[in-house]
Amino acid sequence: MSRDNDIAVDIQNVTKMYGGFAALKGVSLDIRDNEFFTLLGPSGCGKTTLLRAIAGFEEVSSGAIILYGQNIADLLPNERPVNTVFQQYALFPHMNVTQNVMFGLLRLGQDKATAKNRVGEVLELVQLSDFADRMPGQLSGGQQQRVALARALAPSPKVLLLDEPLSALDLKLRQAVRLELQQIQHQTGITFIFVTHDQEEALTMSDRIAVIEAGQVQQIGSAREIYEAPKNKFVADFIGETNLLEVNVTDLDTGRGSCILPGGVQITCPAAEGAHSGPGHLSVRPERIAITALSKGLIQGTATRHIYLGTDLHVEVSLVNGGHVTVRMQNSTQIKIPEVGQSVGLEFEPDSARLLVD
Ligand SMILES: Nc1ncnc2c1ncn2[C@@H]1O[C@H](COP(=O)(O)OP(=O)(O)O)[C@@H](O)[C@H]1O
Ligand SMILES: [Mg+2]
């Protein structure tokens, strides 16, 4: 467990009201020093509101935000050890790259020689040294984004807030910039708080992720913890894809439970804390289910559709109880794909399934 002086940002029971609407509802989070921390959730869940509160742009309605031991509310804007990269990373179009990055440093009162030195350092960090004299209009979207990043890194903030900084870039570029961002975080040791609605982005970059829904934190953990052990239906469904089987939970013990699957077979499997007995949901990831002979399956159904994804193939199976299951298979030369209309059995390791809190 981290000690108090390892905490960069301590968010304590923060609520933010806009009139009668609560955009944040009692959010508590500890973000560690030197961590790549991601706030992940659908559009409108309160991510930008929380970032703005951390930056001190937005007053919270109740609760507190402590940055390295100091309440953000007590700090003047220029005393806050925070900087932000926005989704719309508006560069000054009439200034070249160097001038764009230097602007903030001069405004902070740095002399020109010191500022110029620092600009050189951060342009090297974001691999734009060769573009120092270019105008923004002569740069690609990805390069412009890196100028915005350099500009935010230049004053050496302790915490860098990144609000969906990659959303304007196309997929290939986004994937490349993800790795660069992670590297820059490691090299600088600056605490990154990264906001995204893209689960893949969150999974690939973050030390830890907070999954947020409608102004509330649903779960905090590493990518693996959140993917492998989602707490509830929202998290299981939002992070990756999952099958949610309607089951009847008969027994619960610490961390495990028994349930009856559609069709009547009983299994014992891991259970989320807070799962309750009676009707509930079992999450099984598509890659953890296999198609087998009808008589060998834990559940039975009919193949209804194939979806070709290149590296993988999805087979959709409809169950007798009206539910659907997606099975993900690797597109190897050996796979045997059931015909549409064929009755099939479905099998999985009970330990790779999970009873959820509804
Ligand atoms: N200034 C504002 N006045 C009223 N409602 C707002 C304001 N800013 C944000 N909201 C509302 O708060 C909710 C969260 O917004 P936001 O933090 O921007 O979400 P996200 O960044 O996760 O998409 C949304 O429902 C949004 O409409
Ligand atoms: Mg937003």
Side-chain angles (χ1 to χ4, degrees), residues 9-31 35-67 72-73 77 80 82-91 141 144-145 148-149 151-152 157 159-171 173-174 177-178 181 185 191-206 208-221 223 226 230-240:
V9 186
D10 183 3
I11 300 165
Q12 303 174 343
N13 201 16
V14 162
T15 292
K16 174 68 189 176
M17 303 296 297
Y18 291 115
F21 172 76
L24 299 173
K25 302 173 191 162
V27 171
S28 292
L29 287 174
D30 278 344
I31 297 162
E35 186 167 40
F36 198 126
F37 193 92
T38 297
L39 304 171
L40 171 68
S43 176
C45 73
K47 305 180 296 294
T48 296
T49 303
L50 186 55
L51 270 202
R52 289 177 55 80
I54 295 170
F57 296 143
E58 199 80 71
E59 236 177 281
V60 302
S61 308
S62 64
I65 297 178
I66 313 295
L67 275 170
I72 190 82
R80 295 173 187 149
V82 179
N83 224 344
T84 310
V85 181
F86 296 101
Q87 193 167 359
Q88 262 68 33
Y89 41 87
L91 303 175
Q144 289 184 32
Q145 180 50 260
L149 180 64
R151 185 174 60 180
V159 180
L160 188 68
L161 308 176
L162 301 111
D163 194 354
E164 313 221 17
L166 309 186
S167 57
L169 309 180
D170 64 43
L171 179 66
L173 194 54
R174 236 166 34 224
V177 179
R178 275 179 205 162
L181 268 183
Q185 194 276 323
T191 303
F192 275 31
I193 307 180
F194 184 91
V195 161
T196 183
H197 64 271
D198 180 335
Q199 46 106 7
E200 194 180 302
E201 221 164 82
L203 290 176
T204 50
M205 289 198 291
S206 321
R208 286 189 307 150
I209 301 166
V211 183
I212 302 178
E213 183 199 19
Q216 286 180 307
V217 175
Q218 297 295 324
Q219 191 165 353
I220 305 170
I226 286 182
K231 265 192 185 150
N232 56 31
K233 261 166 62 174
F234 178 80
V235 176
D237 210 27
F238 196 73
I239 310 292

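None of the values given here were measured: they were computed from a predicted structure. Ligands are counted one by one from 1 in listed order, and the atoms in each one are counted from 1 as well.
Using modelled atom types, no side-chain atom of T38 and backbone atom of L40 make a donor-acceptor pair closer than 3.5 Å. Looking at N83, its side chain does come within 3.5 Å of a backbone N or O of A152 through a donor-acceptor pair. Between the Q219 side chain and the V211 main chain, no donor and acceptor come within less than 3.5 Å of each other.
Shown here, atom 22 (O) of ligand 1 is in close reach of the protein: a heavy atom of it lies under 4.0 Å off. Shown here, atom 26 (C) of ligand 1 is out of close reach of the protein: none of its heavy atoms lies under 4.0 Å off.
The distance from ligand 1 to the heavy atoms of A23 drops below 4.0 Å at these ligand atoms: 12 (O). Atom numbering of ligand 1 starts at 1 in the shown order; those under 4.0 Å from a heavy atom of F21 are 11 (C), 12 (O), 13 (C), 25 (O). Contact atoms of ligand 1 toward T49: 14 (C), 15 (O), 16 (P), 17 (O) (distance under 4.0 Å to a heavy atom of the residue).
Using a 4.5 Å heavy-atom cutoff, the side chains of F194 and E201 are in contact.
Protein heavy atom in closest approach to atom 24 (C) of ligand 1: G44 O, 3.7 Å. For atom 18 (O) of ligand 1, the nearest protein heavy atom (residue, atom name, distance) is T48 CB, 3.7 Å. Of all protein heavy atoms, the one lying nearest to atom 3 (N) of ligand 1 is Y18 CD2, 3.4 Å.
Applying side-chain contact (heavy atoms from CB on, under 4.5 Å) to L160 and the options V82, T84, I193, L149 leaves one that passes, L149.
Note on ligand 1: G41 sits outside its first shell, no heavy atom being nearer than 4.0 Å.
Taking every heavy atom of both residues into account, R178 and L166 meet most closely at CG-CD1, 4.1 Å. Between C45 and A214, the shortest heavy-atom contact is CB-N, 3.7 Å.
For the Mg ion (ligand 2), the set of nearby N, O or S atoms under 2.8 Å includes one belonging to T48.
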